Number of protein chains: 2
Amino acid sequence: MQTAIVLHDRFTALDAVGPYEMLGRLPGAETVFVAERTGPVRADTGQLALIADRTLADVPRPDIVVVPGGPEQTLPTRNEALLEWLRTADAASTWTTSVCTGSLLLAAAGLLRGRRAASHWLSLDGLTPYGARPTGDRVVLDGKYVTAAGVSAGIDMGLTLLGRIAGDAYARAVQLMTEYDPQPPYDAGAPHKAPGDLVDRMRARFTPARSR
Amino acid sequence: MQTAIVLHDRFTALDAVGPYEMLGRLPGAETVFVAERTGPVRADTGQLALIADRTLADVPRPDIVVVPGGPEQTLPTRNEALLEWLRTADAASTWTTSVCTGSLLLAAAGLLRGRRAASHWLSLDGLTPYGARPTGDRVVLDGKYVTAAGVSAGIDMGLTLLGRIAGDAYARAVQLMTEYDPQPPYDAGAPHKAPGDLVDRMRARFTPARSR
């Protein structure tokens with residue numbers, strides 16, 4: 001079994017590393033970080049780069065595809081080479097997954113038409129023009145498509161998928177070994193929980209102008 | 001303000017990327033990934049490498065030091081160059097922090113004597129020979145020393161520290177933007193929550209032979 005995590009310029013690092021830390025512990029499986037070119041791919045803050053060990057062409061038929069997101073404005077939703085790779089990989093995949101705005105890339109590739117899908121809460125509306133059905137849930141399973149909400153939701157997505165593939169007992173073991181017993185010091189991690197003025201401010205500042 | 005995240009061979013990737021995703025969003029701050037040499041540093045699974053953009057020598061006086069962990073057996077607790085850098089950096093730091101077994105590196109550098117400290121639940125006993133006081137809490141603050149439990153606890157540590165530095169309102173904004181509203185599909189993320197036989201099995205398999 002092979003998992004491909006797709007790096008693209010200005011991806012959000014935790015979107016990729018959260019699922020990796022869960023799915024990368026699948027017994028007998030290989031996890032590979034792929035990009036158009038091998039070598040460093042810099043994340044959205046500019047302060048961190050991950051290495052793509054293989055090119056997209058090197059890994060044409062992964063069993064699991066994981067697509068991280070990034071700031072909606074700079075997402076490569078018109079990168080035809082990447083979209084075509086996603087279509088081809090998806091045609092053979094067992095699971096096609098995304099974290100955060102990564103679902104916009106799956107949608108742009110035409111893979112989420114008519115499907116329920118999650119995304120970063122500020123980018124849910126961006127799914128609609130592609131024919132996907134935005135859903136505010138943290139992890140959304142629709143057939144073999146598993147999409148997660150923003151950034152940190154990739155950990156929940158990865159652990160959920162690990163349970164489906166390797167069984168609940170195995171997933172619990174990974175949860176215990178990664179000590180995933182979250183205790184956030186605040187309770188502002190979702191728009192329905194955060195203070196209303198904060199939600200409004202973030203919406204005003206970060207909602208992208210959508211021009212499709 | 002400068003945050004240095006220290007990469008070492010076979011670090012656990014989420015230990016580093018969790019705090020980065022929180023503290024890397026500090027206003028007006030710079031986050032740098034450092035290691036003995038610049039270039040790729042491979043994580044514990046072998047399946048992922050992060051880039052160290054600067055050497056330890058390039059970054060002698062960061063305001064915040066973040067030390068990720070890794071498998072206890074391969075931790076560089078006898079790497080004198082690294083320990084000496086930690087001592088020097090700590091002498092000038094505002095905050096000295098760790099995730100998972102990273103606290104064993106701080107302890108090996110002599111920085112946690114008499115201090116309460118967290119670590120991966122399987123490695124808490126490893127703190128004692130260095131004179132630290134192991135604590136089962138997820139995030140432990142003792143003076144300027146902030147240590148976190150295993151792997152995913154670095155997210156809670158980073159968000160906690162962000163609140164201390166930039167204020168609760170700012171930390172809540174980062175929590176909302178990273179959608180950190182965890183919903184683990186299981187409740188086995190800590191030894192007192194996981195099934196007893198699972199805890200015993202993990203303890204039998206992974207407790208390192210300590211030979212100090």
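Since the structure is predicted, the reported quantities are computational estimates derived from the model, not experimental observations. Below, chains carry the letters A, B, ... as their sequence lines are ordered, and counting in each starts from 1.
Surrounding CZ of A/Arg42 are more than 12 heavy atoms belonging to other residues, nucleotides or ligands, all under 6.0 Å away.
The contact between B/Ala29 and chain A is made entirely by backbone atoms, counting heavy-atom distances below 4.5 Å. Within the 4.5 angstrom heavy-atom criterion, atoms from both the backbone and the side chain of A/Ala173 approach chain B. Contact annotation for A/Ile5: neither backbone nor side-chain heavy atoms come within less than 4.5 Å of a heavy atom of chain B. Residue contact with chain B, scored on non-hydrogen atoms closer than 4.5 Å, is absent for A/Met157. A/Val199 touches chain B through backbone and side chain together, each having a heavy atom under 4.5 Å away. Interface remark: A/Arg25 contributes side-chain atoms only to the contact with chain B (heavy atom separation under 4.5 Å).
Comparing A/Glu30, A/Arg172, A/Arg138 by heavy-atom pairs within less than 4.5 Å of chain B, the highest count is held by A/Arg138. Top candidate by heavy-atom pairs under 4.5 Å with chain B, chosen from A/Pro184, A/Gly163, A/Ala13, A/Cys100, is A/Pro184. Put simply, of A/Ala149, A/Gly24, A/Gly150, the one with the most heavy-atom pairs under 4.5 Å next to chain B is A/Gly150. Ranked by heavy-atom pairs shorter than 4.5 Å toward chain B, the options A/Ile155, A/Val174, A/Thr160, A/Leu198 are led by A/Leu198. Chosen from A/Val32, A/Asp53, A/Asp15, A/Asp44, the residue pairing most often with chain B at heavy-atom distances under 4.5 Å is A/Asp53. With chain A as partner, the option from B/Pro182, B/Ala153, B/Gly46, B/Ala190 having the largest number of non-hydrogen pairs under 4.5 angstrom is B/Pro182.
Minimum heavy-atom separation, B/Leu176 to A/Pro191: CD1-N, 3.6 Å. In terms of heavy-atom proximity, A/Glu179 sits nearest to B/Trp121 at OE1-N, 3.0 Å. The two residues A/Thr12 and B/Glu21 have their closest heavy-atom pair at CG2-OE1, 3.6 Å. Residues A/Asp181 and B/Ser152 share a closest heavy-atom pair of N-OG, 4.3 Å. Taking every heavy atom of both residues into account, B/Tyr20 and A/Leu48 meet most closely at CE2-CD2, 3.7 Å. The shortest non-hydrogen separation linking B/Met177 to A/His120 is O-NE2, 2.8 Å.
Interatomic distance, B/Leu159 CG to A/Tyr186 OH, rounded to the nearest 0.5 Å: 6.0 Å.
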### Task
With side chain to side chain contact (heavy atoms under 4.5 Å, CB included) as the test, would you mind laying out the steps for B/Thr178 and A/Leu14 before giving the verdict?
CA-CA 9 Å; B/Thr178 57; A/Leu14 187 55; 5.7 Å; no

### side chain to side chain contact (heavy atoms under 4.5 Å, CB included) evaluation trace for B/Val139 with A/Gln183
CA-CA 9 Å; B/Val139 176; A/Gln183 296 170 26; over 6 Å; no

### Message
Walk me through whether B/Thr31 and A/Thr45 qualify under side chain to side chain contact (heavy atoms under 4.5 Å, CB included).
### Response
CA-CA 9 Å; B/Thr31 300; A/Thr45 67; over 6 Å; no

